[in-house]
There are 2 protein chains.
Amino acid sequence: MKGKATSFDIAHLAGVSQSTVSRALRGSPLVSEETRRRIQSAADTLNYKVDKNASNLRRQHTGTLALLLFEDPTADDSHINPFFLSMLGSITRASAQRGYDLLISFQQFSRDWHADFTGSQKADGLILLGYGDYQSHRDKLEKLVAQGTRFVRWGAVLPGQPGVSIGCDNFAGGRLATQHLIEQGCRRIAFLGDATPHYPEFHERYRGYAAALREAGLRVDEVLQADAETTERAGYEAAELLLERGAEFDAVFGASDLIAIGALRALSERGLSVPGDVALAGFDDIPMASFINPSLTTVRQDTGKAGEVLVEQLVRQIGGEGAESAMLPAQLKVRRSSLRPEPEPAFRKMLRNQ
Amino acid sequence: MKGKATSFDIAHLAGVSQSTVSRALRGSPLVSEETRRRIQSAADTLNYKVDKNASNLRRQHTGTLALLLFEDPTADDSHINPFFLSMLGSITRASAQRGYDLLISFQQFSRDWHADFTGSQKADGLILLGYGDYQSHRDKLEKLVAQGTRFVRWGAVLPGQPGVSIGCDNFAGGRLATQHLIEQGCRRIAFLGDATPHYPEFHERYRGYAAALREAGLRVDEVLQADAETTERAGYEAAELLLERGAEFDAVFGASDLIAIGALRALSERGLSVPGDVALAGFDDIPMASFINPSLTTVRQDTGKAGEVLVEQLVRQIGGEGAESAMLPAQLKVRRSSLRPEPEPAFRKMLRNQ
DNA sequence: CTGAAAGCGCTTACAG
DNA sequence: CTGAAAGCGCTTACAG
C-alpha cells in the first residue's frame with residue numbers, strides 16, 4: 001500500500017486549502033459549486049477516502065453502533081440461536097439504512113463489556129441482545145445508565161428497568177398460545193422453560209400461560225413446569241424430566257421454539273405423536289419452525305420490526321432526543337403441531353372399514 | 001456523559017507523565033512494575049479506556065476486520081441465506097479470538113465497496129462473502145489487489161483468481177452427492193442451479209455432477225438442468241420448469257439446500273413423493289436440512305472451520321505474512337430424502353397381507 | 001466563500 | 001526507566 005492520499009494531497013491537486021477540501025467533501029454549503037467540483041474530481045482521481053479515525057477523533061463520535069450478543073455460556077457453542085441470527089440480520093440492515101456501521105461482538109466471556117465499546121470510542125451506542133439471567137445483568141445496566149452510555153436492549157419490557165428496552169408482548173404471546181391449546185381441547189398443558197423473574201421474558205410467557213389457564217378455569221399445576229434455557233437439548237431434557245416424573249399432559253408449550261423442538265424429539269422417542277397424543281407450541285417463529293414435521297405452532301416475534309425499532313430508538317438517544325421503551329405485538333402462528341384431533345391415519349381407517 | 005478521562009488525567013492522578021501512562025497501558029517493558037501498578041489503579045478508578053480513534057490514528061491501523069456480505073439483489077430481502085448466517089457466526093467468533101473487532105456490512109446496493117473500508121481506515125482487512133455473479137466481481141477484486149488491500153474471499157478456489165480464496169471442494173461435493181444418488185438406483189438426475197462459469201461455485205458442483213454421471217456411463221442431459229439462484233423460491237420455480245418441460249427424472253440435485261427445499265415443495269404439490277418418486281439432495285447443510293421432512297441429504301460445508309481459515313489467512317496478510325488460498329473438504333451427509341426404495345407404507349403392506 | 005491555525009487523544013522516536 | 005515533543009489526518013471556530 002503506497003502512501004494513502006490525504007486531504008492535503010487533494011488540496012494541492014485542486015489548488016485550494018486543506019480546510020476547503022474538508023468542507024467540500026463533508027458537503028458544507030460554504031463552498032462554491034465550482035470549487036466543490038474541482039475538489040471532488042481531484043479526490044476521485046487520487047482515490048481519496050476520508051480517514052475515519054481522524055475524522056472521528058476530531059468530531060468525537062464514531063458513526064458506528066455496537067451489537068453485543070450475550071449467549072448463555074452453557075449453550076452449545078457451535079450454534080447461535082437462530083432467533084438472534086434473524087435479529088442480527090435485521091439490525092444490520094436497519095443500521096445501514098441509517099448510515100451507521102455495525103460492530104458485532106459476542107459476550108460470552110468478557111466481563112467488562114459495559115464500558116468496552118462506548119468508553120473506547122468504538123461505538124456511539126450499544127444494542128444489547130440475548131436471553132440470559134437478567135438479575136446478573138441488572139447492575140451492569142444501571143452502571144451503563146449512570147455513565148450516560150446510550151444503549152437499547154432487547155428483552156422483557158417491564159416497569160422500573162434501567163434504560164430503554166424493546167421487546168415483544170411476551171405475556172400476551174404466552175396467553176395466546178395457551179388459549180389456542182385450550183381451544184384445541186387440551187386440559188393438561190405443560191410449560192417448558194424457566195418460570196422465575198430471573199429470565200423475565202420466559203417469566204412473562206409463563207404468566208401469560210398461567211393467566212390463560214385460570215381464565216379457562218384450569219389449575220396451574222407445578223408438576224407441569226420444567227426449567228429449560230433456550231436450546232434444543234434443554235427442551236429435550238425438560239420433556240424427559242416431565243415424562244420421568246410421570247406427569248400427565250396433553251399439550252406442551254415451549255418457552256421458545258428451540259425448546260419445543262427439543263421436546264418434540266423427546267416425545268417422538270417415547271412413541272408419543274404430535275399432535276396426536278400431545279399438542280405442541282413454541283415461541284419465536286424461527287425459520288425452522290415452519291420446516292419441521294409437524295410444522296410448529298408458535299408465537300411470532302417480528303424480528304424485522306424489532307431491528308428497526310431498536311436502531312431507531314438508539315439513534316434517537318445518540319441524537320439527544322428522548323427514547324422510549326416499546327412493546328411489540330406478538331402474533332400466534334397456528335401450524336400442524338397443535339391441531340387436534342389429528343386426522344385419522346389412512347391405514348387405520350382402512351382397517352376399520354374392512 | 002461528563003468529560004471522559006484521558007491519559008493526561010491518569011498521568012496527573014498517578015504522578016507520572018502522559019507518555020508513561022501510554023506505555024504502561026500498552027504493556028511496554030520499559031515501565032517499572034511499581035509505576036505500572038500505580039497507573040493501572042489510577043486508570044481503574046477513573047474508568048479510563050484508551051480512545052481507539054486516537055490510538056488507531058496514531059498507529060495507522062484499526063484492529064477491526066470488515067465482513068462484506070454480498071447478497072443477490074433479487075433474493076427475497078427479508079431473509080439472509082442461512083448458510084451465510086452460519087458463516088457470519090463462525091467468522092465473528094474467529095475474529096474475536098484473534099482480538100479483532102468485526103464490522104459487518106451488507107453490500108446489496110453500494111457499488112464503491114472495494115475502497116470504502118480499508119481506504120477509510122475502518123478496517124485492516126476485508127472478508128468477502130456471498131454467492132453471486134463472479135464475472136461482475138472480478139474486476140473489483142483485481143482493483144483490490146492492485147491497491148494492496150488485504151482481503152480474503154469465500155468462494156470457488158480456482159487457478160488464476162485474484163487474491164486469496166477460501167472455499168470448499170465444490171467439485172468433489174457435487175460428485176459425491178451425484179454418486180450417492182446413482183448408487184440409490186437413480187438414472188435420470190436433474191441439476192437445479194446455474195451451471196455457467198458466472199457462478200463458479202455452482203459451476204464446480206455442476207462439473208462434479210457431470211463427472212459422476214459420465215463415470216457411471218450416464219448421459220448428461222441438458223433437459224435435466226434448470227437455472228436457479230440460492231433461494232427457496234428459485235428452487236421451486238426451477239423444479240416447476242422441469243415439470244412443465246415434461247422432463248423425466250428420478251432424482252434432483254439442488255445446487256444448494258435452499259434450492260433443494262424449494263424443489264421439494266414443488267414436487268410435493270404435484271403429488272410426487274420424496275424419496276419415493278424422486279430422490280433429493282442439496283448442498284450446504286444448513287440447519288434446516290436436518291429438520292425438514294424428509295430430512296435432506298446434502299453436502300456439508302464446515303462453516304466453523306471456514307470462518308477460522310478465513311480469519312487466519314486474513315490476519316496473516318495483515319501481519320505481512322504470505323497467505324494462501326485453500327480448499328476445504330466437502331462431506332456427504334446422507335439423510336432420508338435420498339434413501340430409496342422407500343420402505344413400503346404400513347397400510348399398503350397390511351392391505352396386501354389380507 | 002476561503003485560508004491559517006488549533007486541537008481531538010493517543011504513540012513513539014529522541015534525549016536523558 | 002521516564003519525560004518533552006512531534007505528529008497521525010482530520011474538523012471547525014476564527015478572521016478575513
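Residue numbers start from 1 in every chain, and the chains themselves are labelled A, B, ... in the order their sequence lines are given, proteins ahead of strands.
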Sorted by chain and number, sequence neighbours left out, side chain to side chain donor-acceptor pair (under 3.5 Å) with Thr62(A) holds for Asp124(A)

Residues at least two apart in sequence or cross-chain that pass side chain to side chain donor-acceptor pair (under 3.5 Å) with Ser28(B), listed by chain then number, are none

Please list, one pair per line, the donor and acceptor atoms closer than 3.5 Å that link side chains of residues 94-103 of chain B to other protein atoms, with sequence neighbours excluded.
| from | atom 1 | to | atom 2 | distance (Å) |
| --- | --- | --- | --- | --- |
| Ser95(B) | OG | Ile91(B) | O | 2.8 |
| Asp101(B) | OD2 | Lys122(A) | NZ | 2.8 |

Applied to residues 17-32 of chain A, the salt bridge (Lys or Arg N to Asp or Glu O under 4.0 Å) test, sequence neighbours excluded, yields none

Here the residues of residues 51-59 of chain A within 4.0 Å heavy-atom distance, strictly under, of DNA chain C are Leu57(A), Arg58(A)

Item to complete: For dG16(D) and dT12(D), measure between their C1' atoms and round to the nearest Å.
Response: 16 Å

For [X], enumerate each residue passing the salt bridge (charged side-chain N to carboxylate O under 4.0 Å, His left out) test, keeping only those at least two apart in sequence or located in another chain.
{"X": "Arg58(B)", "answer": "none"}
{"X": "Arg138(A)", "answer": "Glu142(A)"}
{"X": "Glu33(A)", "answer": "Arg36(A), Arg37(A)"}

Under 3.5 Å, is there a donor-acceptor pair between the side chain of Thr92(B) and the main chain of Leu88(B)? yes

**Prompt:** So, Ser90(B) side chain and Thr303(B) main chain: donor-acceptor pair closer than 3.5 Å or not?
**Reply:** yes

| query | Would you call Val16(A) and Val31(A) a side-chain contact if the rule is heavy atoms closer than 4.5 Å? | reply | no

TODO: State, with a plain yes or no, whether a side-chain heavy atom of Phe8(B) is found less than 4.5 Å away from one of His12(B).
DONE: no

In DNA chain C, consecutive runs of at least three Watson-Crick or G-U pairs below 3.5 Å, as range with range, amount to C:1-3 with D:14-16, C:5-12 with D:5-12, C:14-16 with D:1-3

Per the under-4.0 Å heavy-atom filter, residues of residues 20-41 of chain B near DNA chain D come out as Thr20(B), Arg23(B), Pro29(B), Leu30(B), Val31(B), Ser32(B), Thr35(B)

Quiz item: Contact class for Ser19(A) vs. all strands (heavy atom < 4.0 Å): base, sugar-phosphate, or nothing?
Solution: base

Note: chain A reaches DNA chain D at heavy-atom distances under 4.0 Å over the stretch, first to last nt, 5' to 3', of dG9(D) to dA13(D)

| said: Counting neighbours of CD on Glu321(A) that are heavy atoms of other residues, nucleotides or ligands and sit closer than 6.0 Å, is the number greater than 12? | reply: yes

Those residues at least two apart in sequence (or on a different chain) that pass side-chain contact (heavy atoms from CB on, under 4.5 Å) with Ser165(B) are Arg153(B), Val157(B), Gln161(B), Ser325(B)

